[in-house]
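A short write-up of the structure that comes next.
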Amino acid sequence: MSIALSEQEIIRRESLQQLRALGINPYPAEEYKVTAFAQDITDNFATFPNTYKNVTIAGRIMTRRIMGSASFAEIQDSTGRMQIYLKRDDICPGEDKTLYNTVFKKLLDIGDYVGIKGYVFLTQTGEISVHVQELTILSKSLKPLPVVKRDEEGNIHDGFTDPEMRYRQRYVDLTVNPEFKQIFIKRSKVISAMRNYFNNQGWMEVETPILQPVHGGAAARPFGTHHNTLDMPLFLRIANELYLKRLIVAGFDGVYEFGKMFRNEGMDRTHNPEFTAMEIYVAYKDYIWMMAMVEECLEEVARAVHGIAAVQVGANEINFAGPYTRLTMYESILKYTGIDVSAMDEAGLRETCADLKIEVDATMGKGKLIDEIFSAKVEASLIQPTYITDYPIEMTPLAKKHRTKDGLVERFELFVNGKEIANAYSELNDPIDQRERLEEQLILAGRGDDEAMAMDDDFLRALEYGMPPTSGLGIGIDRLVMLLTNQSTIQEVLFFPQMRPEKKAKVVTADDFINIGVPAEWVPVLNKMGFNTVEELKAGNPNKVFNDLGGMRKKLKLEITMPAKEVVMAWFE
RNA sequence: GACUUGGUAGCUCAGCUGGUAGAGCAACUGACUCUUAAUCAGUGGGUCGAGGGUUCGAACCCCUCCCAGGUCACCA
């Protein structure tokens, strides 16, 4: 329960009571049949004025401009805002002007949901508006919304901008900053466009376990939990790769899954503990085929979101139409540093890192050293979509060895705007090779590499039955959406980014006060007066507390019975 | 995790060298029948993130902690 309501909240609760006293239900149960939307009226009234002679719209009151017996207000529905015009004698044709004078002017507030029936017209200043003939209260709002003002140029004046509040109270954010809804609408389009593309190819959407006994398929620290009935530890998945491959073993030609992954690691503007990944596996294909598929798919996604294949991201215009540049990892390092690392051994790589002032540590093997050079010197330069191919075998235990190049695997990552967006392999389907590669990971783990991958015996058993040659792809959906919506933080593309819990107002339970004889309805008043614990109250002056209670009652216009003086005195014994 | 910036009214923010907590919007009272960042007159509203310390006196100085942003580190 809320303690210590603000002045405005108390006033709204009083308005609620007054509405009930007038016989108006502030939270009616009946369906309200909406026949029109703000956006549609705005777009089409000029062309088809006759179709808007009797409309019903519903939404929140967002602004009010009251001028005596006539008023303008703006209603916000899911599509936008619509100005409404209320005239006292139109909504109150008889003698009783309560609906206008009391209900609309006094008891309704910004944030309340109302429904209106009326006709669309053009004001003298030329704004499309609805002339209200009937007003219905649909839901009363008890907390004041921040009022964001916009002028004619669209400048925002009193913005609701604090990121902490925007993320914690996304419902307020999207109400008063509706332009942010576009990000989430585009996010939805990204996913549905990709899903449509896959379905059109005949591939099947599947669901695989989120609770896993072994957290395989990637290298990351997991979240752990416990199943009571089975009395066993379980992990939230860090990846679903090994399960999707089991389905390829099972005989499906193409399977894909959009799903949340969970990694118990740091949080920053590109990492949230839970994030959405799309993984797809297609039998009888290889990573070269996959590059062409990704080009076609992403172009379609970009067109679905923007209508064209080019997307403005920060200062760069990024073109998702293929084909994309392809560089091997060694070529890319040569291109951006002038150094050929392709023939270097571990000692040579360490020396190169030292020359380039890249920090390394003793646990890093050859593959990891090359990755460090790449991350430090190449990644940020890859603005237009670029495939980096043919990675060192050491860092990629689930990819097939390269068909011609020793020491490399058939893998590509897609980089866009300096960041990795997708990762794909010709999947390793040789069960003996796979077992050896996972055993090497165990050795790395023993050396202190906590990113090393875990052994999964059931997955190896599945491979031993036989998996067809397969290409697999993973795409980080959140980061793709960030790109396609020109956002630089992951929080902006997640409805509810992870946050630390809000500090609870040190609310001592009301019971403590009730136990010493304070009536329940007076506990919030004592809190409001600054007494948050019984001890604090007892340290106070009983006579002053009694007098102040009366003062608060008057000040807050509380309609609760004043406790007798001897009752108050008893609190202090 | 390190460094850094911030946390003051419902919202956005001022607040000087430590000396009675301010503005705009929102709210309340009143005026106003085409306004649109409506206007005009008036009024109320604060645990200055929390706790300790220094001081005659702390929003301000010191310490500890909490929350958020940024940068870096870590992390495919």
Side-chain angles (χ1 to χ4, degrees), chain A residues 3-12 14-15 62-74 81 83-90 100 105-106 109-111 121-127 129 131 142-168 172 176 218-221 238-239 261 263-271 273 277 359 368 371 374-375 379 391 395-396 411 413 415 419-423 450-451 474 476 479 488-489 491 497 499-506 527-532 536 555-557:
Chain A
I3 293 265
L5 296 173
S6 72
E7 181 191 34
Q8 294 192 44
E9 289 173 294
I10 291 165
I11 289 166
R12 285 179 179 226
E14 283 169 5
S15 298
M62 297 306 285
T63 66
R64 290 198 302 171
R65 295 178 284 278
I66 295 171
M67 302 156 300
S69 61
S71 299
F72 287 93
E74 280 174 282
R81 289 191 183 189
Q83 178 169 270
I84 63 172
Y85 177 65
L86 294 99
K87 222 163 136 177
R88 184 188 62 203
D89 297 336
D90 282 0
Y100 182 82
K105 281 171 72 172
K106 306 274 190 215
D109 292 291
I110 287 172
F121 75 110
L122 221 49
T123 64
Q124 286 177 10
T125 50
E127 174 146 347
S129 305
H131 189 122
L142 296 182
K143 284 180 97 68
L145 284 174
V147 175
V148 177
K149 299 253 178 184
R150 291 172 177 77
D151 64 20
E152 278 178 19
E153 287 85 44
N155 300 315
I156 291 173
H157 290 273
D158 290 296
F160 179 69
T161 52
D162 178 7
E164 178 171 3
M165 295 223 284
R166 286 188 47 233
Y167 302 151
R168 285 194 197 283
V172 173
V176 304
R221 293 220 311 272
I238 56 174
M261 305 298 154
R263 297 189 182 178
N264 206 341
E265 293 172 344
M267 290 166 56
D268 59 30
R269 67 181 198 289
T270 55
H271 294 83
E359 279 185 40
K368 186 79 182 158
D371 187 48
F374 176 81
S375 303
E379 212 173 304
Y391 284 61
M395 42 191 297
T396 318
R411 171 186 186 181
E413 290 188 313
F415 288 84
K419 302 200 175 62
E420 181 211 331
I421 292 297
N423 182 21
D450 55 8
E451 295 171 31
R479 293 183 187 176
S488 57
T489 71
Q491 287 107 314
M499 303 284 278
R500 283 203 161 80
E502 279 181 88
K503 203 180 356 166
K504 274 201 198 117
K506 230 193 316 181
N527 294 145
K528 182 93 182 165
M529 284 160 63
F531 297 116
N532 285 313
E536 284 171 16
K555 184 171 160 191
L556 301 176
K557 299 178 187 156

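In what follows, chains are A, B, ... by sequence order, proteins preceding strands, each numbered from 1.
B:G10 is paired with B:C25 under the criterion used here, namely a Watson-Crick or G-U wobble arrangement in which both key atom distances are under 3.5 Å. With both pairing distances under 3.5 Å, B:A38 is matched to nothing as a Watson-Crick or G-U wobble pair. A 3.5 Å limit on both hydrogen-bonding distances identifies no Watson-Crick or G-U partner for B:C48. With a cut-off of 3.5 Å on both Watson-Crick or G-U wobble distances, the partner of B:U55 is given as none. Across every strand in view, B:G70 sits in a pair with B:C3 that passes the Watson-Crick or G-U test at under 3.5 angstrom.
Regarding A:Asp268, its CG atom lies at a distance of 9 Å from the P atom of B:U71, rounded to whole Å. The NZ atom of A:Lys143 sits 16 Å away from the P atom of B:A27 (whole-angstrom rounding). Per the geometry, CZ belonging to A:Arg269 stands 6 Å off P belonging to B:C72, to the nearest Å. As a whole-Å value, the separation of A:Gln8 CD from B:G10 C1' is 5 Å. Spacing between atom CD1 of A:Ile66 and atom P of B:G30 amounts to 11 Å, rounded to whole angstrom units. One atom, NZ of A:Lys419, and another, P of B:C75, lie 18 Å apart when rounded to the nearest Å. The CZ atom of A:Arg64 sits 17 Å away from the P atom of B:C32 (whole-angstrom rounding). Taking atom CE on A:Met165 and atom C1' on B:A9, their separation rounds to 12 Å, with Å as the unit.
B:U54 and B:C67: their P atoms are spaced 28 Å apart (whole Å). Rounded to whole Å, the separation between the C1' atoms of B:C60 and B:U55 comes to 13 Å. Rounded to whole Å, the C1' atom of B:U35 lies 41 Å from the corresponding atom of B:U47. Atom P of B:C62 sits at a distance of 13 Å from the matching atom of B:U17, rounded to the whole Å. Taking atom C1' in both B:A14 and B:G53, one finds a spacing of 28 Å when rounded to whole Å.
At a threshold of 4.5 Å between non-hydrogen side-chain atoms, the residues A:Lys143 and A:Arg12 do not count as touching. At least one side-chain heavy atom of A:Thr270 sits under 4.5 Å from a side-chain heavy atom of A:Arg479. No side-chain heavy atom of A:Ile238 sits under 4.5 Å from any side-chain heavy atom of A:Met261. Using a 4.5 Å cut-off on side-chain heavy atoms (C-beta onward), A:Arg166 and A:Gln491 make no contact.
Residue-level contact check: A:Thr270 touches neither bases nor backbone, having no heavy atom under 4.0 Å from any strand. Looking at heavy-atom distances under 4.0 Å, A:Leu145 makes no contact with the nucleic acid at all. Within the 4.0 angstrom heavy-atom criterion, only backbone atoms of the sugar-phosphate kind lie near A:Asp162; the bases stay farther away. Here A:Lys105 lies out of heavy-atom contact (under 4.0 Å) with every strand. As judged by a 4.0 angstrom heavy-atom cut-off over every strand, A:Arg411 is placed among the base-contacting residues. Heavy atoms of A:Thr161 sit under 4.0 angstrom from primed sugar atoms or phosphate atoms, though from no base atom. Residue contacts for A:Gln491: at a heavy-atom cut-off of 4.0 Å it reaches the sugar-phosphate backbone alone, with no base atom in range. If you check every strand for non-hydrogen atoms under 4.0 Å, A:Phe415 touches nothing.
Of the two residues contacting RNA chain B, namely A:Thr489 and A:Ala70, the nearest-nucleotide position lying further toward the 5' end is that of A:Ala70. Residue order along RNA chain B, read from the 5' end via each residue's closest nucleotide, puts A:Asp109 first among A:Glu413 and A:Asp109.
Between A:Lys149 and B:A26 there is a side-chain N or O to OP1 or OP2 distance below 4.0 Å. Within the structure, a side-chain polar atom (N or O) of A:Arg500 is placed less than 4.0 Å from OP1 or OP2 of B:A68. At least one side-chain nitrogen or oxygen of A:Lys106 sits closer than 4.0 Å to the OP1 or OP2 atom of B:G30.
Among B:C28, B:A38, B:A68, the nucleotide with an atom closest to any side-chain atom of A:Arg65 is B:A38. When the nucleotides B:A68, B:A26, B:C34 are ranked by their closest atom to the side chain of A:Tyr85, B:C34 comes out on top. Of the candidates B:G24, B:U35, B:A68, the closest approach to any side-chain atom of A:Pro163 belongs to B:A68. Checking B:G10, B:A27, B:A68 against the side-chain heavy atoms of A:Met499 singles out B:A68 as nearest. In this structure, of B:A37, B:C34, B:U12, it is B:C34 that holds the atom nearest to the side chain of A:Gln124.
A:Lys106 pairs by the side-chain contact (heavy atoms from CB on, under 4.5 Å) definition with nothing, not counting sequence neighbours.
Ring planes of A:Phe72 and A:Tyr85: tilted class, angle from 30 to 60°.
A pairwise comparison of heavy atoms in A:Asn423 and A:Glu413 identifies OD1-CG, 3.5 Å as the closest pair.
Counting heavy atoms of neighbouring residues, nucleotides and ligands inside a 6.0 Å radius, atom CZ of A:Arg269 does not exceed 12 of them.
Between the side chain of A:Glu7 and the base of B:A27 there is no donor-acceptor pair of N/O atoms closer than 3.5 Å.
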